[in-house]
Amino acid sequence: ISGIIIDAFSGMRDAADAKEDDTRSVCFVCNLDRFKLDQQGIGFDKHIATEHNPRWYLFFLLYLRVTPTSVLTGQEAYVKSSVWPARRFRWLPREATLTLKQDEADDELA
């Protein structure tokens, strides 16, 4: 029985370690990995701090939640109607960032 308990805790620890590793190596917002951002972008840490800070997205959603739709801009109203009640998140940048696109555009011009 103790072997089963130890195996269960080991599995839970492995799952927690995988989640923590994912948090440290993949952008929460755009889902780009650390390697690609470090090699082709501005660097993972700078990307998180300046472009896709999860707190900014949270604050934006909280702002939308408490602000009446009548005073929102068109883009804000679109996001609010996408998130509540539909829970669609297509407005988030997936696998894209401005600095990575800028670097790719510079390469094409060269």
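Nearest heavy-atom pair, T50 versus W56, reported as atom, atom and distance to 0.1 Å: O-CZ3, 3.3 Å. When all heavy atoms of D38 and G43 are compared, the pair lying nearest together is OD1-CA, 3.3 Å. When every heavy atom of C27 is checked against every heavy atom of H47, the shortest pair comes out as SG-NE2, 3.3 Å. Nearest heavy atoms, L72 versus A77: CB-N, 4.0 Å. Shown here for A96 and C30, the closest heavy-atom pair between the two residues is O-CB, 3.5 Å. Between A86 and S81, the shortest heavy-atom distance links the atoms CB-O, 4.2 Å.
The distance from the CG atom of N31 to the NZ atom of K36 is 11.0 Å, given to the nearest 0.5 Å. I42 CD1 to L98 CG: the interatomic distance, rounded to the nearest 0.5 Å, is 9.5 Å. Rounding to the nearest 0.5 angstrom, the gap separating the CZ atom in F60 from the CH2 atom in W91 is 6.0 Å. One distance of note links CZ of F44 with OG of S25; it measures 6.5 Å at 0.5 Å rounding. Here the CD atom belonging to Q40 is positioned 10.5 Å from the OG1 atom belonging to T99, to the nearest 0.5 angstrom.
With respect to W84, the side-chain contact (heavy atoms from CB on, under 4.5 Å) criterion is satisfied by exactly one of K80, R88, R87: K80. Tested against L37 for a side-chain contact (heavy atoms from CB on, under 4.5 Å), the candidates T97, V26, D45 yield a single pass: T97.
Side chain of R94 to backbone of L32: no donor-acceptor contact under 3.5 angstrom is found. No side-chain donor-acceptor contact under 3.5 Å links T67 to the backbone of L64.
Using a 4.5 Å heavy-atom cutoff, the side chains of F28 and L92 are not in contact. You'll find the side chain of P93 stays beyond 4.5 Å of the side chain of E51, heavy atoms only.
Checked for salt-bridge contact, R24 and E20 meet the test: a charged N lies under 4.0 Å from a carboxylate O.
Taken together through direct or relayed side-chain contacts under 4.5 Å among Ile, Leu, Val, Met, Phe, Trp and Tyr, I48 and Y57 form parts of separate hydrophobic clusters.
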